[in-house]
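Only one structure is covered here, and it is reproduced in the block below.
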Amino acid sequence: PISNGMKILIDQLADINAEHIRTAEELRKKHDIVYWIRIEEVVPFDKALFPGTIFHNYHDAIDGIAPKEIDTSGFRPWSKEEISALSSWESELLIMIDKAHAGWPVAKRYDFYYDLLRYWGGILDTFAPDLIVFNAPPHQVFNFVLYAIAKERGIRTVIFDVTFRHDRLISSGDYRSGNELLSNAQRDGYGGKPVSIEDLPAYVQNHYRTVSGTPDPTPVYLTEFKRASTPLKNLWRRMKSLTPHIKDGSIFERGARRFFKMLSPRLEDIYRTLQRAPDFDKPYIYLPLHYQPECTTSPQGGIYVEQILMIKTLAAALPEGWEVYVKEHPAQWPSHWGDFTPQRYHGFYEEIARVRGVRIVPITTNTFTLCDHAHTTATASGTAAWESVVRGKPALIFGYPWFMHAPGIFRVSSVDDCKAALQKIKDGYAPDKAQLLKYLSLLSKVVFAGTLSMSADKLKDHEGEEQWKSMYRAIESALPSK
């Protein structure tokens, strides 16, 4: 050991943001960073700055390859009882494997899972960390398994997530229960003195006024995606992606497969044959589909990563005469070249259309128009639910978003839960603006400056310093007391 402090295992900190290396350097002054998984090619640094730390390449971790410094010969396969203790995580994990190994059969997936249990259980036995730091909700198979084992063994964790702005983060000990201070505030009815809009920080005021008062406050990330997804730019990216196949000679085989695909109906074509125009005079629930695969459903959707289950559950709870309006995410087709995927498989849209009381609406229908005319919005963990409550409409969530404790949010996981929530909404329930302002005031005190998807060199110097210091304080506060 290089200190008398705590032992810390880090998952992906400083993958993209170079300032977070300074966070790790500060932590090392008091604690032992015993193990660190990270993407090494984006923000390289001298590993000699962290003597005694085992570094695990992120891509190797995805493929189940151990660092050369780790001798796994003593890591034993798990027993039936140990595996059974984690059975509640299995259905999510088997779907998560689609991200990197979509072609694997179920038996191969289980074999990989059991190997990961053996490896990460052995790592935790060997290094006995006091805290595991997750740069984001664990959304790769290896860190999902690591997280599940940590929860089962009672090992402390801290997880970071982005909020209503890409440069404001929130921390929690468990992504499924969310931030403790906000959870307590919800339990206590958001007590305390009244809050006005003017009492909020300027950036929170701006967000609130934009989302609540603008006809079409499309999020910045989606605007940027549309700007980067013009036909010409998509063609250029497609051509670049073919370069390795030209070099290895597989371009001819891929070209033949593409030709036959072009003869078959595309996802977009199938969707359009099933869509019906929305009737805004009819009572309905707006359910925008999530882009997949993505962290917002895997793992933050829980079992509702399988979105058809969510749709069927909601449809089974509909009041008489109500419908569910389902709309595809605008990034789903262009991001996958219009191809079928494990998440949008052959028959996916047809299965949705067969559900009684469900209507697939055109993807071109404005999401805020659908939200504003709906009685409520429903989603696993999507931003649409947050936008709904800020715009004065309640929302149902099936998963674990950062805003799960906001007023106006109904957390549901069964037909009975949905029936109870929809009855309240039918009776006239709406989010309380005074409570929402109190929530925003608390939220502004909980979030801190930081990014998980943008390099620090795009930020001003003082913001970079604020980022690493805020991250350091959040990790220090999560450490157990000895």
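Side-chain atoms of Glu90 and Tyr110 form a donor-acceptor pair, as typed in the model, at a separation below 3.5 Å. Side-chain N/O atoms of Tyr304 and Ser381 include no donor and acceptor closer than 3.5 Å. Using modelled atom types and a 3.5 Å distance limit, the side chains of His31 and Glu476 yield a donor-acceptor pair. His290 and Thr379 form a side-chain donor-acceptor contact under 3.5 Å, judged by distance and modelled atom types alone.
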- Task: I would like to know whether Glu40 and Lys47 meet salt bridge (Lys or Arg N to Asp or Glu O under 4.0 Å); could you show each step before the answer?
- Result: CA-CA 10 Å; Glu40 297 176 345; Lys47 295 179 182 179; 3.0 Å; yes
- Working for side-chain contact (heavy atoms from CB on, under 4.5 Å), residues Met404 and Gln186: CA-CA 10 Å; Met404 68 179 79; Gln186 182 185 47; over 6 Å; no
- From CA spacing to verdict: side-chain contact (heavy atoms from CB on, under 4.5 Å), Leu289, Ile311: CA-CA 10 Å; Leu289 293 174; Ile311 293 168; 4.1 Å; yes
- Decide yes or no on salt bridge (Lys or Arg N to Asp or Glu O under 4.0 Å) for Arg22 and Glu25, but give the supporting numbers first. CA-CA 5 Å; Arg22 297 175 66 183; Glu25 289 175 338; 5.5 Å; no
- With side-chain contact (heavy atoms from CB on, under 4.5 Å) as the test, would you mind laying out the steps for Gln343 and Phe348 before giving the verdict? CA-CA 8 Å; Gln343 298 79 28; Phe348 178 82; over 6 Å; no
- Given side-chain contact (heavy atoms from CB on, under 4.5 Å), test Ser172 with Asp161 step by step and report yes or no. CA-CA 8 Å; Ser172 68; Asp161 197 7; over 6 Å; no
- Message: Does His59 form a side-chain hydrogen bond (donor to acceptor under 3.5 Å, both in side chains) with Glu41? I'd like the steps, not just the answer.
- Response: CA-CA 10 Å; His59 304 291; Glu41 62 270 20; 2.8 Å; yes
- Task: Start with the C-alpha gap between Asp432 and Lys438, add the side-chain angles, then the distance that decides, and say whether salt bridge (Lys or Arg N to Asp or Glu O under 4.0 Å) holds.
- Result: CA-CA 10 Å; Asp432 184 282; Lys438 288 181 181 179; over 6 Å; no
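Gln12 places no side-chain N or O within donor-acceptor distance of the main-chain N or O of Asp15, the cut-off being under 3.5 Å. Using a distance-only test at 3.5 Å, with no hydrogens or angles considered, no donor-acceptor pair links the side chain of Glu387 to the main chain of Phe368. In this structure a side-chain-to-backbone donor-acceptor pair under 3.5 Å is present from Lys7 to Phe127. Looking only at distances, a side-chain donor or acceptor of Arg38 sits under 3.5 Å from a matching main-chain atom of Val43. Using a distance-only test at 3.5 Å, with no hydrogens or angles considered, a donor-acceptor pair links the side chain of Ser477 to the main chain of Arg473. Remark: side-chain polar atoms of Arg209 are not paired, donor with acceptor, to backbone N or O of Ile197 under 3.5 angstrom. Panel note: side chain Asp63, backbone Ile65; no donor-acceptor pair is recorded below 3.5 Å. Under the 3.5 Å distance criterion, the side-chain polar atoms of Ser441 are left unmatched by any main-chain donor or acceptor of Leu437. With hydrogens and angles ignored, the 3.5 Å screen pairs a side-chain donor or acceptor of Thr23 with a backbone N or O of Trp468. The backbone N or O of Val305 sits less than 3.5 Å from a side-chain atom of Gln292, completing a donor-acceptor pair.
Partners of Asp98 by salt bridge (Lys or Arg N to Asp or Glu O under 4.0 Å), not counting sequence neighbours, listed by chain and number: Arg109.
Atom NZ of Lys419 sits about 12.0 Å away from atom NZ of Lys426, to the nearest 0.5 Å. Taking CD of Glu152 as the reference point, atom CG of Leu117 lies at 11.0 Å (rounded to 0.5 Å). Taking OH of Tyr113 as the start and CG of Leu94 as the end, the distance is 8.5 Å to the nearest 0.5 Å. Interatomic distance, Leu86 CG to Leu93 CG, rounded to the nearest 0.5 Å: 10.0 Å. Separating the CG atom in Leu131 from the CD1 atom in Ile8 is a distance of 6.0 Å, to the nearest 0.5 Å. In this structure, Leu452 CG and Asn17 CG are separated by 8.5 Å, a value rounded to the nearest 0.5 Å.
A tilted orientation is assigned to the rings of Phe164 and Trp402, their planes being inclined by 30° to 60°. Below 30°, between 30° and 60°, or above 60°: for Tyr325 and Tyr284 the angle between ring planes is below 30°, a parallel geometry.
You'll find the side chain of Glu466 stays beyond 4.5 Å of the side chain of Phe448, heavy atoms only. Between Leu396 and Asp417 the shortest side-chain heavy-atom distance does not fall below 4.5 Å. Counting heavy atoms from C-beta on, the side chains of Glu328 and Tyr349 come closer than 4.5 Å. Between Pro137 and Cys295, some side-chain heavy-atom pair lies under the 4.5 Å cut-off. Side-chain contact between Leu318 and Ile285 is present, with heavy atoms from C-beta onward closer than 4.5 Å. Residues Arg153 and Leu124 are in side-chain contact: their nearest non-hydrogen atoms beyond the backbone lie under 4.5 Å apart. Using a 4.5 Å heavy-atom cutoff, the side chains of Leu287 and Met310 are in contact. In this structure, the side chains of Phe142 and Leu146 stay at 4.5 Å or more apart for every pair of heavy atoms.
The two residues Ala24 and Ile33 make their nearest non-hydrogen contact at O-CD1, 3.6 Å. The two residues His139 and Ser298 make their nearest non-hydrogen contact at CB-O, 3.2 Å. Nearest approach of Phe403 to Ala385, heavy atoms of both residues: CE1-CB, 3.7 Å. Shortest non-hydrogen contact noted between Arg156 and Asp130 is CB-O, 3.6 Å. Of all non-hydrogen atoms in Ala150 and Ile132, the two that sit nearest each other are CB-CD1, 3.8 Å. The heavy-atom pair separating Pro288 from Thr377 by the smallest distance is CD-CG2, 4.2 Å.
Not less than 6.0 angstrom separates the ring centroid of Tyr147 from the ring centroid of Phe144. The aromatic ring centres of Tyr175 and Phe134 sit 6.0 Å or more apart.
Here the rule is ring-ring contact (aromatic ring centres under 6.0 Å, His included) with Tyr35, and of Phe50, Phe55, Trp120 only Trp120 fits it. Each of Thr365, Thr367, Thr376 was compared with Tyr286 under the side-chain hydrogen bond (donor to acceptor under 3.5 Å, both in side chains) criterion, and only Thr367 meets it.
Enclosure of atom NZ in Lys151 by more than 12 non-hydrogen atoms of other residues, nucleotides or ligands within 6.0 angstrom is indicated. Environment of CD in Glu180: sparse, with no more than 12 heavy atoms of neighbouring residues, nucleotides or ligands closer than 6.0 Å.
Sorted by first and then second residue, the pairs that involve residues 390-400 and meet salt bridge (Lys or Arg N to Asp or Glu O under 4.0 Å), not counting sequence neighbours, are Asp372-Arg391.
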